[in-house]
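We count ligands from 1, going down the list as the structure has it; atoms in each ligand are counted the same way.
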Amino acid sequence: MNKLFVANWKMNGNTDKVIVDLKAYIANAYTNCANVIFALPYVYLPIANYIIRESDAKLRLATQDISKFSGSGAYTGEISNKMLGDLQINYVIIGHSERRMYFNEDDSVLFAKLNNAIAEGIRPIYCMGEALEVRKSGEYLNHFTTQLQLLQKVEALPNELIIAYEPIWSIGTGLIPKVEEIKEAMDLIHTFVQNNLPHVKITALYGGSVSSANIAEILQIQGVNGVLVGGASLKVNDFTTICGGG
Ligand code: PGA
């Protein structure tokens, strides 16, 4: 199975950077391919779409969020599933710890977002992972299961799903879990999906301080089908190395 590489630019970038970086990725064999997804800020999606289509490139686009409201309506500032569908966006990150933390996104919000994305044919990249206190308490496996159980409630879950394991204590910190810790999380995700969502083909990603220096080791861990990359995806050379497998 080809590994999947997702770049999460978060609240970074500008028009020039989007143009320059995407053109560099498109010129590169590793990064101009269908297993690379760029999650860009909303405002840069039209220009990114234009660059990709103009060059007939294969890389794909995601958003970092979607409204909990569907369609259209009086929801100042919101971007709906229909609008993303209109732009032909294929993927959306849902449940990232920064959204859970800074925007108080709880299960009811995530549930609405998952349903809205799926209704429009936009594939969720569902993020889960534990805070350091949860890891230290030894309760982290239960925590993972609870986060995954939300998926069981979603109607019409698509046949293919991307789930990213992102320990909160690893995001942006340079701290990487031990190989056994990542494997344990991957095993739990794969087993949970096999047992509870048997129709779903799962792509399990690891995310948190992925870099050009640690990518080779991470991709070798059994059950890791790809990576979700934040900081290192903002540097063309680093992300190109990452997509090449290190
Ligand atoms: P990081 O972020 O690679 O900068 O740690 C990962 C993420 O939040 O998706």
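Inclusion of Gly231 in the set of residues having an N or O under 3.5 Å from an N or O of ligand 1 is warranted. Residue-to-ligand polar distances keep Thr173 apart from ligand 1: every N/O pair is separated by 3.5 Å or more. Below 3.5 Å of separation, one finds an N or O of Gly172 facing an N or O of ligand 1.
Only the side chain of Asn8 comes within contact range of ligand 1, with a heavy atom under 4.0 Å; no backbone atom does.
Listed by atom number, the atoms of ligand 1 under 4.0 Å from His96 heavy atoms are 7 (C), 8 (O), 9 (O). Near Leu228, meaning under 4.0 Å from any of its heavy atoms, are these atoms of ligand 1: 9 (O). Interface of Gly208 with ligand 1, defined as ligand atoms under 4.0 Å from a residue heavy atom, comprises 5 (O).
By the 4.0 Å heavy-atom criterion, Gly207 is excluded from the residues contacting ligand 1. Using a 4.0 angstrom heavy-atom cutoff, Ala232 does not count as in contact with ligand 1.
Remark: the Ser170 side chain and the Tyr206 side chain contain an N/O donor-acceptor pair separated by less than 3.5 Å. A donor-acceptor contact closer than 3.5 angstrom links the side chains of Asn81 and Ser70. Using a 3.5 Å distance cut-off with no hydrogens or angles, the side chains of Asn142 and Glu139 do pair a donor with an acceptor.
The protein atom (non-hydrogen) at minimum distance from atom 9 (O) of ligand 1 is Glu166 OE2, 2.8 Å. Nearest protein heavy-atom contact of atom 3 (O) of ligand 1 is Gly230 N, 2.8 Å. Taking atom 2 (O) of ligand 1 as the reference point, the nearest protein heavy-atom neighbour is Lys10 NZ, 3.3 Å.
Salt bridge Arg135/Glu181: present, at least one basic N to carboxylate O contact under 4.0 Å. Under 4.0 Å is where a charged nitrogen must lie from a carboxylate oxygen, and between Asp187 and Lys183 at least one such pair does. With salt bridges taken as basic N to acidic carboxylate O contacts below 4.0 Å, one links Lys113 and Asp65.
Centroid-to-centroid, the aromatic rings of Phe144 and Tyr165 come within less than 6.0 Å.
The ring-ring contact (aromatic ring centres under 6.0 Å, His included) test with Phe38 is passed by exactly one of Phe239, Tyr44, Phe5: Phe239.
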